[in-house]
Amino acid sequence: MKSRLVASAALSALVLLGATGCTFITPQSTEVKYSASDGVNIPDSDGPLDIRNAMIIATEDGSTGNLIAAIVNDTDRSETLTVELEGLDPITIRVGAGDTVSLGANAEPMRIDDLDTMPGATVEMYFQSGAATGATADVPVLDGTLPYYADLVPQETDVISLEGN
C-alpha cells in the first residue's frame with residue numbers, strides 16, 4: 001500500500017513538473033525589447049542616446065509631418081542627437097544629463113516641411129549621437145485618423161521646422 005502511495009506522489013510530481021516546468025527554460029517574452037506603439041526604436045547601441053517610438057504624423061497629402069519620439073539620455077552629461085532626412089537640412093536636439101525629451105509630449109514635435117511621403121509609408125532617417133556612427137531606420141509615416149494622433153498633425157500655425165534649424 002505504501003509503495004502505491006509513493007508511486008502515485010512521484011507520478012503526480014512528474015505530471016506537475018511536465019505541465020509547468022517547460023517555461024523554466026523558455027525565454028521570457030517580457031525581456032524582448034519592442035516598440036509598444038506604432039513607432040520604431042532606433043537600434044544605435046553605440047550612441048549615448050536611446051531613440052524610442054519614432055514616427056512621423058503627417059498631413060493627409062503627406063507634404064508636412066511632425067517627428068514624434070522619446071529621446072532618452074541615461075548618461076551624466078548633456079548630449080546632442082542629429083537627425084537627417086534626405087534632401088533636408090539636419091536637425092539637432094539637445095538632451096540634458098539623465099533627462100528624456102518626448103517630442104510631441106513634454107516638447108514640441110519637430111516639423112518636417114517638404115516631407116513628400118504619404119501616410120502609410122515609411123521614410124528613411126539617419127540618427128546619430130555622441131561619437132557613434134549612428135543608425136538608419138525606416139520610420140513610419142502616420143496620419144491623424146486615430147484620435148490620439150489627431151492633435152499631432154502639423155497645423156499651418158506651427159512654427160518649429162526642420163528647415164533652417
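Not measured: the values here are computed from a predicted model. What you see below is based on every heavy atom in this structure, not just the backbone, and it leaves out hydrogens, waters and symmetry mates.
With contacts defined as side-chain heavy-atom distances shorter than 4.5 Å, the pair E79/P48 qualifies. A 4.5 Å side-chain heavy-atom check between L67 and V83 finds at least one atom pair inside the cut-off. Taking the side chain as every heavy atom from C-beta outward, L103 and V101 approach each other to under 4.5 Å. Contact annotation: the side chain of I51 approaches that of L81 to within less than 4.5 Å [non-hydrogen atoms, C-beta and beyond]. Put simply, the side chain of L88 reaches to within 4.5 Å of the side chain of I112, judged on heavy atoms. Using a 4.5 Å heavy-atom threshold, the side chains of V153 and T59 count as touching. No side-chain heavy atom of S63 sits less than 4.5 Å from a side-chain heavy atom of D114. Considering only heavy atoms from C-beta on, M125 comes within 4.5 Å of V123 through its side chain.
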Check your understanding: Going through the checks in order, is the side-chain contact (heavy atoms from CB on, under 4.5 Å) test met by Y149 and D38?
Key -> CA-CA 11 Å; Y149 294 144; D38 296 319; 2.8 Å; yes
Practice item. Starting from the C-alpha separation in whole Å, work towards a yes-or-no answer on side-chain contact (heavy atoms from CB on, under 4.5 Å) for L49 and V72. Key: CA-CA 6 Å; L49 299 177; V72 181; over 6 Å; no
Practice item. For D50 and I71, run side-chain contact (heavy atoms from CB on, under 4.5 Å): C-alpha distance rounded to whole Å, both residues' side-chain angles, the deciding distance at 0.1 Å, then the answer. Key: CA-CA 6 Å; D50 291 327; I71 306 156; over 6 Å; no
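The two residues M55 and V139 come nearest to each other via the heavy atoms CA-CG1, 3.5 Å. A58 approaches G62 most closely through the heavy-atom pair CB-CA, 4.4 Å. Residues S78 and G96 share a closest heavy-atom pair of OG-CA, 3.9 Å. Looking at every heavy atom in both residues, I57 comes nearest to P154 through O-CD, 3.4 Å. Pairing each heavy atom of F127 with each of A54, the nearest pair is CZ-CB, 4.5 Å.
At distances below 3.5 Å, not a single donor-acceptor pair connects side-chain atoms of E84 with backbone N or O atoms of T82. At least one donor-acceptor pair under 3.5 Å links the side chain of T117 to the backbone N or O of L115. Panel note: side chain N66, backbone L152; a donor-acceptor pair is recorded below 3.5 Å. Panel note: side chain N53, backbone A69; no donor-acceptor pair is recorded below 3.5 Å. Checking side-chain atoms of E108 against main-chain N and O of M110 turns up no donor-acceptor pair under 3.5 Å. Between the D143 side chain and the P119 main chain, no donor and acceptor come within less than 3.5 Å of each other. A donor-acceptor pair under 3.5 Å links the side-chain atoms of N106 to the main chain of S102, judged by distance alone.
Taking CD1 from I91 and CZ from R111, the interatomic distance works out to 13.0 Å, rounded to the nearest 0.5 Å. Considering CG of D116 and CG of D113, their distance stands at 12.5 Å, rounded to 0.5 Å. Note that CG of D46 and OG of S129 are 9.5 Å apart. Values are rounded to the nearest 0.5 Å.
M118 and L142 fall into different hydrophobic clusters, where Ile, Leu, Val, Met, Phe, Trp and Tyr residues are linked whenever their side-chain heavy atoms come under 4.5 Å apart, directly or through other members.
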